[in-house]
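Each remark here refers to the structure printed beneath this line.
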Protein chains: 2
Amino acid sequence: MKVSKKAYYGLRAAVSLADADGPVSARELAERERIPEEFLEKILQKLRRSGIVESKKGVEGGYALAEQSVSVWDILRALDGPVRTFTPPLGKGTLPCDFPSHCRTNDVLRRLEEEIEKTLSGVTISRRSERNQESGMKNEEKAVLSSPDS
Amino acid sequence: MKVSKKAYYGLRAAVSLADADGPVSARELAERERIPEEFLEKILQKLRRSGIVESKKGVEGGYALAEQSVSVWDILRALDGPVRTFTPPLGKGTLPCDFPSHCRTNDVLRRLEEEIEKTLSGVTISRRSERNQESGMKNEEKAVLSSPDS
DNA sequence: TCGAAGTAAGACTGATTTAGTCCTAATTTA
DNA sequence: TAAATTAGGACTAAATCAGTCTTACTTCGA
């Protein structure tokens, strides 16, 4: 049970992008974060297809966060695929319970999935510019990963 | 991010053992749960070395839960190894933060680990005989995976 | 005391996944 | 148009997963 290197790199890249001003090229980002460049490019492309970052080609191009704020959950799901704690490919609703132990085991694992999702969705990466503009009301218990405004 | 087949089988085997009366042989257990026998044996041996089940050789031998109650967390850790969400082998205390994004990323992942541990530790598999004898006081919010006393 | 029913443990294997690399476009801007 | 950049597919070495095979060793009952 682990987070892949791909996701770990992706997470760090996103945090780095959140702290940056304009678009950052893959090369630059790779250097900043000490991530193999070609590999990072693949990661960024996946994040782009998931709508998490946006890219601009050409001379002054690069990558930037697409939304004001992304959750860690979104990034992990985009890169590592869906969290599937139980191996048989079961949709949310239908759990075939051939044997008594299956149902109960699957039940726990599903509960775990929900817990993981809840935890990870609560942690977000926000762009500096947009920080603290989000929640209109009182300061929600929402952790932010990117660098604090100091 | 997933639970291995090994762990999934192990979980089901443990649930099945919890519901059984005496020791159950690997062969019997494999048949009940539709798990490849030889593979299950490996799994049970790992669980034994971790002190989760105990074994008895010989004619009426087999495997049984060692403790009255085991948490899902214990089983998963025994079979899948430690949950290591971040790839660099970092101990609990020391996080080398070469770059700013690392610390913050590692922080989240560590928080995730704790959350997963908390969730999974709260779900236990208990032997029928020992059910409801554990918590002396009020009925704690403790989920039990094995079959309910009916 | 022998044989059958068990567990114990290590070596081996095929398939899949991970973590990349390599190469060839396609775009954009100066 | 040249340089800087992303886009995407094919490829690969190494690790991990999911088992299997083989060869013990142990216990109990007849």
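Note that the structure is a prediction, hence the values are computed from the model and not measured. Note on naming: letters A, B, ... go to the chains in the order of the sequence lines (proteins, then strands), and numbering restarts at 1 for each one.
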Name the pairs: protein N/O against N/O of nucleotides 26-30 of chain D, kept only if under 3.5 Å.
from	atom 1	to	atom 2	distance (Å)
D:dT26	O4'	B:K57	NZ	3.4

**OP:** Return yes when atom CD of B:E67 has more than 12 non-hydrogen atoms of other residues, nucleotides or ligands closer than 6.0 Å, and no otherwise.
**Re:** no
Subject >> Single hit among A:L17, A:D19, A:L44, A:V53 for side-chain contact (heavy atoms from CB on, under 4.5 Å) with A:V24 >> reply: A:L17
Subject >> Interatomic distance where NZ belongs to B:K2 and C1' belongs to C:dT18 [whole Å] >> reply: 11 Å
Original post:
For B:L44 and C:dA9, what is the distance between atoms CG and P respectively, to the nearest whole Å?
Top reply: 13 Å
Original post:
At what distance, to the nearest 0.5 angstrom, does CD1 of B:I125 lie from CG of B:L11?
Top reply: 5.0 Å
Original post:
When you check the phosphate oxygens OP1 and OP2 of C:dA8, does a side-chain N or O of B:R48 lie under 4.0 Å from one of them?
Top reply: yes
Subject >> Minimum heavy-atom distance A:R127-A:L65, with the two atoms named >> reply: NH1-O, 2.5 Å
Original post:
Counting only side-chain N and O atoms of B:Y9, is one of them less than 4.0 Å from OP1 or OP2 of D:dA18?
Top reply: no
**OP:** Measure the distance from CD1 on B:I35 to C1' on D:dA18 and round it to the nearest whole Å.
**Re:** 13 Å
Original post:
For the pair made of CG in A:L29 and P in D:dT5, what is the distance, rounded to whole Å?
Top reply: 13 Å
Original post:
Is any side-chain N or O of A:R49 closer than 4.0 Å to OP1 or OP2 of D:dG8?
Top reply: yes
**OP:** Determine the minimum heavy-atom distance between A:S71 and A:L120, stating which atoms define it.
**Re:** CB-O, 4.0 Å
Original post:
Between B:G10 and B:I75, which heavy-atom pair has the shortest distance, and what is it?
Top reply: C-CG2, 4.3 Å
Subject >> Identified stems (criterion: three or more consecutive Watson-Crick or G-U pairs, under 3.5 Å), DNA chain C >> reply: C:1-30 with D:1-30
**OP:** Could you check how far CZ of B:R27 sits from P of C:dG6, rounded to whole Å?
**Re:** 7 Å
**OP:** Work out which heavy atom in B:L47 is nearest to a heavy atom in B:A78; give both atom names and the distance.
**Re:** CD2-CB, 4.2 Å
**OP:** Report the distance from atom OG of B:S16 to atom CD of B:E33, rounding to the nearest 0.5 Å.
**Re:** 4.0 Å
Original post:
Can you tell me how far the CZ atom of A:R12 sits from the CG atom of A:L29, to the nearest 0.5 Å?
Top reply: 10.0 Å
Original post:
What integer distance in Å separates A:K46:NZ from D:dG8:C1'?
Top reply: 13 Å
Original post:
Side-chain N or O of A:Y63 less than 4.0 angstrom from OP1 or OP2 on D:dA7?
Top reply: yes
Original post:
Considering residues at least two apart in sequence or located in another chain, which fulfil the side chain to side chain contact (heavy atoms under 4.5 Å, CB included) criterion with A:E37?
Top reply: A:R27, A:A30, A:E41
Original post:
Mind checking what makes side chain to side chain contact (heavy atoms under 4.5 Å, CB included) contact with A:D80, not counting sequence neighbours?
Top reply: A:V3, A:S4, A:A7
Subject >> Salt bridge B:E113-B:R110, side-chain N to carboxylate O under 4.0 Å >> reply: no
Check nucleotides 21-23 of chain C for protein N or O atoms closer than 3.5 Å to its own N or O atoms and list the pairs.
none

Original post:
What's the NZ-C1' distance between A:K5 and C:dT17, to the nearest Å?
Top reply: 15 Å
Subject >> SB check A:E28 A:R32 (cutoff 4.0 Å) >> reply: yes
Subject >> Contacting residues from residues 72-82 of chain B, given that a heavy atom lies under 4.0 angstrom of DNA chain D >> reply: none
Subject >> Residue-phosphate contact under 4.0 Å: B:S55 side-chain N/O, C:dG6 OP1/OP2 >> reply: no
**OP:** Taking all non-hydrogen atoms of both residues into account, name the closest pair between A:R48 and A:S55 and its distance.
**Re:** CD-OG, 3.1 Å
**OP:** Rounded off to whole Å, could you give me the CD-to-C1' distance for the A:Q45 and C:dG20 pair?
**Re:** 14 Å
